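Because the structure is a prediction, the values reported are computed rather than measured. Index from 1, following the sequence.
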Amino acid sequence: MKRMGALMLALFLVYIWAAPSALAAGETVPPAVTADAYLVMDADTGQILIEKNGWQRSYPASITKIMTIALAMEHCGGDLSQQVTVSYEAVHALVPGSSHIALQPDEVVTLRDLFHAAILASANDAANVLAEYTAGSMEAFTVLMNEKAAELGMNDTHFVNASGLHDNAHYTTAHDMAVLTRWAMTVPGFAEIFGAAEYVMPPTNKQEQERSWGTDNCMLVENKYQYEGTLGGKSGWTPEASYTMVEAVQRGGRTLLCVVLGCNQKYDKFSDSIALLDYCFENFAPVTLTAQDLTLPEVPVYYDAAAPAVGGTPLTLPADGCTVLLHSALDAGDVQAVFDVPERYLIGQPFAASMTLSLKEGLAAGSCMYAQLAQASLGVDAGAVESLLNENAKEFVDRERDWEQSGVWGILANILLAALGIVLVLAALIALRIGYVAWVKAQRRKRRLARRRMPDGEARRMGGAAQRAGSGARRTDNAAQHIDGTARQAGQPKRRNPAAAAMAGGPDAAPNSERPKRQNQSAAAMAGGPDSAARNAAIPAAPQKTAGHTPISSAAPSNTAVQASGSPALAALPAPSPTPSAPPSPSASPPHSAGRMPPPATPRPATGARHAAKPFSRRKAPPRHARH
């Protein structure tokens, strides 16, 4: 007894120690099921959470009717009240022993009756009638089924009939059936039929009694296999396919699609589906990946195919990021991205870049979920592209090719733009010319105003004339002094010029008050005034040299007396001419000896003031602006 108790205690302690480890290990491994193949997919994103032999080809049996109902529902546009007449071929194409609802040739039924019969009773005759309604014949409908399968990417699926009866060429996979169900749930009206639990078919022209059916989907109705959140499902069976099942379940805002193929027992399809769904709902949670979690590559940007790249721009994720479902044992750091990016981004051309997310290799918990997570489309950063174009100053557009592609309207628009540019240039030149002319006129106006502010030019000229008159009076006095000097040398009494005496302050000098007056009279004589002739006559003229001896006029008795009392040399000199003469030139110098006489002075014309010497007049210069 003691040994038995010790053994039991040891086993209990081992169980307590190993139980948590076993529980923890079980949480990271999908449950064991009897199905040969299964796959659980997120209906919203298409992400595969767990799978086993998901791409292994198997016989689908009656879950084929998911494709039949979806195509017919899409064809009718949601109007289930349309009536259809059953054909002879649709009824007699059945294999003996297959499921049906006893439709009769020429029986008139509604689409609603046929849809519920196909989903609840899995009636093969109803599937054949829907095929003829949709495509015209059962053969044409199989072609339509395979075209839709290829369109959805069901690469391992091929249909031979609309009911799912066994045929070696009629096969599919768990993955393809999940893809098919995901599309069918988006067809208007399909989800309502897929989740129907029962239906009563009214009498027809061939059947007087009602026909009623209930679902065989135990997960949808109340029983021990009922599963919370089940939206609908379809089951199937053939000896070759065994039991198959497709379920759609929604919990916590997530919709999961579960496909099991090749189950051995009738109810194993339910128990396997429940175990797989529980594992996914309890251990998976959404995780959003952003640009900070992933290292996004850059792509070179080209403005034109023949031009060099203007730089590189980083790729961008969708606006709301990339959301995936991860097992609770993993986080965002366990995700890696593989990019499929074109060699370059040509502005204005389509750009298709994608990113495939998967778990990193070598993870200890890698078996807890399917390694391939999701695939997302990528774009380019429009702001970065615009910045590159603004920073680049080169021209990357082929103008000739643009003109060829722009057409007539584009050419006309370019011509108008060129003409507008020419007009603007001409307007600018005209404006510059007008501005220059205005500036020149302003400069000339300034110069005229400056000249007006200067002293009067006429006053300046009068001042110059007065100076010249004073110079003439001085020359006259010098001439008189010369004559007096000559007379003294000849022994004659000194004769003084009243004007010179006045200037010298001698006995004959006029009072001081009269000196300016005499000076002005001398200036007037030089200027040719009215009394210049009389004053000039009183001044003795210098003797002139002639070819012979010129007699001395009796008009000068003083000069005769000098000659008579003087020496013979002086007596031989000719007498001064009584004709008034002009004063000697200022440049004449007095004689150096008594025997030489000064050169005769040029006689002054006796015509009066009109022929008097005119004062020097400076020619007025033309205004400067007239020189232009």
**OP:** For residues 55-65, pull every pair meeting salt bridge (Lys or Arg N to Asp or Glu O under 4.0 Å), keeping only residues two or more places apart or in separate chains.
**Re:**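 Sorted result for residues 55-65: Arg57-Asp156.
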[X] and [Y]: side-chain donor and acceptor closer than 3.5 Å?
{"X": "Asn168", "Y": "Glu240", "value": "no"}
{"X": "Ser273", "Y": "Glu247", "value": "no"}
{"X": "Thr316", "Y": "Asp381", "value": "no"}
{"X": "Thr255", "Y": "Gln250", "value": "yes"}

Side-chain donor/acceptor of [X] to backbone N/O of [Y], under 3.5 Å:
{"X": "Arg344", "Y": "Tyr302", "result": "no"}
{"X": "Asn223", "Y": "Cys218", "result": "yes"}
{"X": "Asn128", "Y": "Ala90", "result": "yes"}
{"X": "His100", "Y": "Asp125", "result": "no"}
{"X": "His158", "Y": "Ala169", "result": "yes"}
{"X": "Asp334", "Y": "Asp331", "result": "yes"}
{"X": "Asn146", "Y": "Phe159", "result": "yes"}

Rounded to the nearest 0.5 Å, how far does [atom2] of [Y] lie from [atom1] of [X]?
{"X": "Leu49", "Y": "Leu326", "atom1": "CG", "atom2": "CG", "answer": "10.0 Å"}
{"X": "Ser122", "Y": "Ile63", "atom1": "OG", "atom2": "CD1", "answer": "10.5 Å"}
{"X": "Thr323", "Y": "Leu289", "atom1": "OG1", "atom2": "CG", "answer": "7.5 Å"}
{"X": "Thr68", "Y": "Asn124", "atom1": "OG1", "atom2": "CG", "answer": "9.5 Å"}
{"X": "Ser62", "Y": "Tyr243", "atom1": "OG", "atom2": "OH", "answer": "12.0 Å"}

Subject >> Any residue meeting salt bridge (charged side-chain N to carboxylate O under 4.0 Å, His left out) with Arg254, in chain and number order, not counting sequence neighbours >> reply: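 Counting only residues at least two positions away or on another chain, Arg254 forms no salt bridge (charged side-chain N to carboxylate O under 4.0 Å, His left out).
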Original post:
In chain order, what residues pass the salt bridge (charged side-chain N to carboxylate O under 4.0 Å, His left out) check against Lys148, with sequence neighbours excluded?
Top reply: Glu151
Please report, to 0.1 Å, the donor-acceptor pairs under 3.5 Å made by any side chain of residues 38-46, with sequence neighbours excluded.
from	atom 1	to	atom 2	distance (Å)
Asp42	OD2	Thr45	N	3.0
Asp42	OD2	Thr45	OG1	2.7
Thr45	OG1	Gln47	N	3.3

**OP:** Could you tell me which residues satisfy ring-ring contact (aromatic ring centres under 6.0 Å, His included) with Phe190, sequence neighbours excluded, listed by chain and number?
**Re:** Phe194
Original post:
Looking only at heavy atoms, what is the nearest atom pair of Lys269 and Val260, with distance?
Top reply: O-CG2, 4.0 Å
So [X] and [Y], would you call those rings parallel, tilted or perpendicular, with 30° and 60° as cut-offs?
{"X": "His116", "Y": "Tyr199", "answer": "parallel"}
{"X": "Tyr279", "Y": "His327", "answer": "tilted"}
{"X": "Phe351", "Y": "Tyr345", "answer": "perpendicular"}

Under 3.5 Å, sequence neighbours excluded: what are the donor-acceptor pairs made by side chains of residues 133-143?
from	atom 1	to	atom 2	distance (Å)
Tyr133	OH	Gln82	OE1	3.1
Thr134	OG1	Leu130	O	2.8
Ser137	OG	Ala140	N	3.1
Thr142	OG1	Glu139	O	2.6

Original post:
Going through the distances and angles, do Ser81 and Thr110 end up as a side chain to side chain contact (heavy atoms under 4.5 Å, CB included)?
Top reply: CA-CA 6 Å; Ser81 62; Thr110 64; 5.9 Å; no
Subject >> Residue of the set Asn217, Asp216, Thr244 for which side-chain hydrogen bond (donor to acceptor under 3.5 Å, both in side chains) holds with Ser235 >> reply: Asp216
